[in-house]
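One structure is given here, and the rest of the page talks about it.
Just so you know, these numbers use all the heavy atoms, side chains as well, and skip hydrogens, waters and symmetry mates.
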Amino acid sequence: MTDDVNKNSSPLLSVRDLTVSFRTAQGPVRVVRNLDFDVPRGGALGIVGESGSGKSMTSLSIMGLLPKGGTATGSVRFDGTELLGLAEREMRGVRGDRIAMIFQDPLSSLNPYYKVGTQIAEAYLSHRSGVSRKQARSVAIEAMERVHIRDAARRVDHYPHQFSGGMRQRIMIAMALSMEPDLIIADEPTTALDVTVQAQILDLLSEIRQETGAGLILITHDLAVVSEVTDEIVVMREGVAVERGQVEQVFSDPQADYTRRLLDAVPRIDDEIGLMRTTDILIPSERRSVR
């Protein structure tokens with residue numbers, strides 16, 4: 001009983017002193033340095049920063065998918081299991097099954113030669129022994145329905161090019177959901193989508209998190225995105241976490257100069273004309289504390 005209590009009270013994901021390096025002709029280059037963060041069970045963490053800040057390399061380290069020449073040191077513990085140094089065969093049992101990743105460009109992530117239902121079903125079959133293709137197809141249709149794709153039983157036989165950008169992103173989310181993961185990593189899931197579709201994808205991620213209880217890591221360069229979906233935030237610059245904390249606290253009272261400059265870069269609406277301040281725009285009204 002005590003072990004169960006300790007397991008439930010411990011973070012789902014705990015990252016400590018994570019450093020990612022790549023070999024170059026001039027010597028090793030560290031693209032992530034001494035990074036620490038936790039993702040509680042059912043919690044949502046936003047990792048924010050400009051291009052090249054180390055956000056995606058952090059997620060690839062967790063998934064064991066670093067490009068050739070990259071090495072990760074430190075500790076990445078998932079549900080009590082150390083992932084760094086885990087044998088590839090064991091890692092495959094975690095990757096895709098218990099930790100699912102939604103990549104930022106669904107058009108390049110989906111194979112244009114295969115129907116979307118086939119791709120979702122194949123992902124499911126690769127992690128479930130003794131499952132028939134008919135069962136996997138049913139799982140694919142159900143996953144597409146869960147992400148609100150209409151007429152899923154028919155559209156399961158469509159190809160990626162027959163879907164809009166927003167719908168392709170929903171397919172990627174459906175693929176992740178089909179495995180019922182404990183943790184979802186979404187890497188820039190709203191990139192290249194228009195504002196209306198972005199909002200729909202963010203609402204969907206929030207809905208899935210509430211329904212499934214899965215933890216979420218949302219990687220983005222957009223401060224407004226993390227304010228909508230996450231509870232905590234890590235701000236990265238040049239591979240280093242320059243600030244971390246609760247979303248409301250970081251946005252209302254940023255401690256790092258870089259965070260303040262990111263907030264200042266958001267278009268402002270003058271208070272004198274009676275409209276909202278930047279922090280009011282970034283923090284939804286239902287999440288704002290009385291100040």
Checking [X] side chain against [Y] main chain: does a donor-acceptor pair fall under 3.5 Å?
{"X": "R41", "Y": "S10", "value": "yes"}
{"X": "D182", "Y": "A214", "value": "no"}
{"X": "R209", "Y": "G42", "value": "yes"}

Using a strict cut-off of less than 4.0 Å between a Lys/Arg side-chain nitrogen and an Asp/Glu carboxylate oxygen, indicate whether R261 and D257 qualify as a salt bridge.
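D257 and R261: salt-bridged.
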Taking only Lys NZ, Arg NE, NH1 and NH2, and the carboxylate oxygens of Asp or Glu, determine whether R16 and E82 approach each other closer than 4.0 Å.
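Salt bridge flag = no for E82 with R16.
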Closest approach of [X] and [Y], non-hydrogen atoms and distance?
{"X": "G245", "Y": "Q249", "value": "CA-OE1, 3.8 Å"}
{"X": "L35", "Y": "V15", "value": "O-CG1, 3.6 Å"}
{"X": "I141", "Y": "A152", "value": "O-CB, 3.8 Å"}
{"X": "V116", "Y": "Y159", "value": "CG1-C, 4.2 Å"}
{"X": "S132", "Y": "Q135", "value": "N-OE1, 2.9 Å"}
{"X": "A256", "Y": "E243", "value": "N-OE1, 2.9 Å"}

To the nearest 0.5 Å, what is the distance between [atom1] ([X]) and [atom2] ([Y])?
{"X": "L216", "Y": "L183", "atom1": "CG", "atom2": "CG", "answer": "7.5 Å"}
{"X": "I102", "Y": "I208", "atom1": "CD1", "atom2": "CD1", "answer": "6.5 Å"}
{"X": "L84", "Y": "M91", "atom1": "CG", "atom2": "CE", "answer": "8.5 Å"}
{"X": "L202", "Y": "D222", "atom1": "CG", "atom2": "CG", "answer": "8.5 Å"}
{"X": "M179", "Y": "I99", "atom1": "CE", "atom2": "CD1", "answer": "13.0 Å"}
{"X": "E232", "Y": "E248", "atom1": "CD", "atom2": "CD", "answer": "10.5 Å"}

Suppose we screen for side-chain hydrogen bond (donor to acceptor under 3.5 Å, both in side chains). Which residues come up paired with [X], at least two apart in sequence or across chains?
{"X": "R128", "answer": "D97"}
{"X": "S126", "answer": "none"}
{"X": "Q255", "answer": "D253"}
{"X": "R146", "answer": "none"}

Tell me every residue that passes salt bridge (Lys or Arg N to Asp or Glu O under 4.0 Å) with [X], counting only those two or more places apart in sequence or in another chain.
{"X": "E180", "answer": "none"}
{"X": "R33", "answer": "none"}
{"X": "R244", "answer": "none"}
{"X": "R23", "answer": "none"}

With clusters defined by side-chain heavy atoms of hydrophobic residues (ILVMFWY) lying less than 4.5 Å apart, directly or transitively, does V234 cluster with M101?
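Yes, same cluster.
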Is L125 reachable from V156 through a run of hydrophobic residues whose side-chain heavy atoms are each under 4.5 Å from the next?
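They do not share one cluster, since no chain of ILVMFWY contacts under 4.5 Å joins V156 to L125.
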The test is side-chain contact (heavy atoms from CB on, under 4.5 Å); show your working for L18 and F37 and say whether it passes.
CA-CA 9 Å; L18 177 64; F37 63 81; 5.6 Å; no
Could you give all pairs that pass the salt bridge (charged side-chain N to carboxylate O under 4.0 Å, His left out) test and reach residues 153-163, with sequence neighbours left out?
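As it turns out, the salt bridge (charged side-chain N to carboxylate O under 4.0 Å, His left out) pairs with a partner in residues 153-163, which skip direct neighbours, are R137-D157, D151-R154.
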What pairs meet the salt bridge (charged side-chain N to carboxylate O under 4.0 Å, His left out) rule with one or both residues in residues 106-127, with sequence neighbours excluded?
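Sorted result for residues 106-127: E122-R133.
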Flag the pair [X] / [Y] as yes when at least one side-chain heavy-atom distance between them is below 4.5 Å, and no otherwise.
{"X": "L12", "Y": "F78", "value": "yes"}
{"X": "M175", "Y": "L110", "value": "yes"}
{"X": "I201", "Y": "I173", "value": "yes"}
{"X": "P67", "Y": "F22", "value": "yes"}
{"X": "Q169", "Y": "P189", "value": "yes"}
{"X": "V139", "Y": "I120", "value": "no"}
{"X": "N34", "Y": "V240", "value": "no"}
{"X": "I171", "Y": "Q119", "value": "no"}

So which residues get pulled into Y113's cluster when ILVMFWY side chains under 4.5 Å apart are joined, directly or through others?
Y114
Does a side chain donor of either H148 or Q200 reach within less than 3.5 Å of an acceptor in the other side chain?
no
Donor-acceptor pairs under 3.5 angstrom involving side-chain atoms of residues 55-66: please list them, not counting sequence neighbours.
from: K55; atom 1: NZ; to: G49; atom 2: O; distance (Å): 3.0
from: K55; atom 1: NZ; to: E50; atom 2: O; distance (Å): 3.2
from: S56; atom 1: OG; to: D187; atom 2: OD1; distance (Å): 3.3
from: S56; atom 1: OG; to: D187; atom 2: OD2; distance (Å): 3.0
from: T58; atom 1: OG1; to: G54; atom 2: O; distance (Å): 2.8
from: S59; atom 1: OG; to: S56; atom 2: O; distance (Å): 2.7
from: S61; atom 1: OG; to: M57; atom 2: O; distance (Å): 2.7

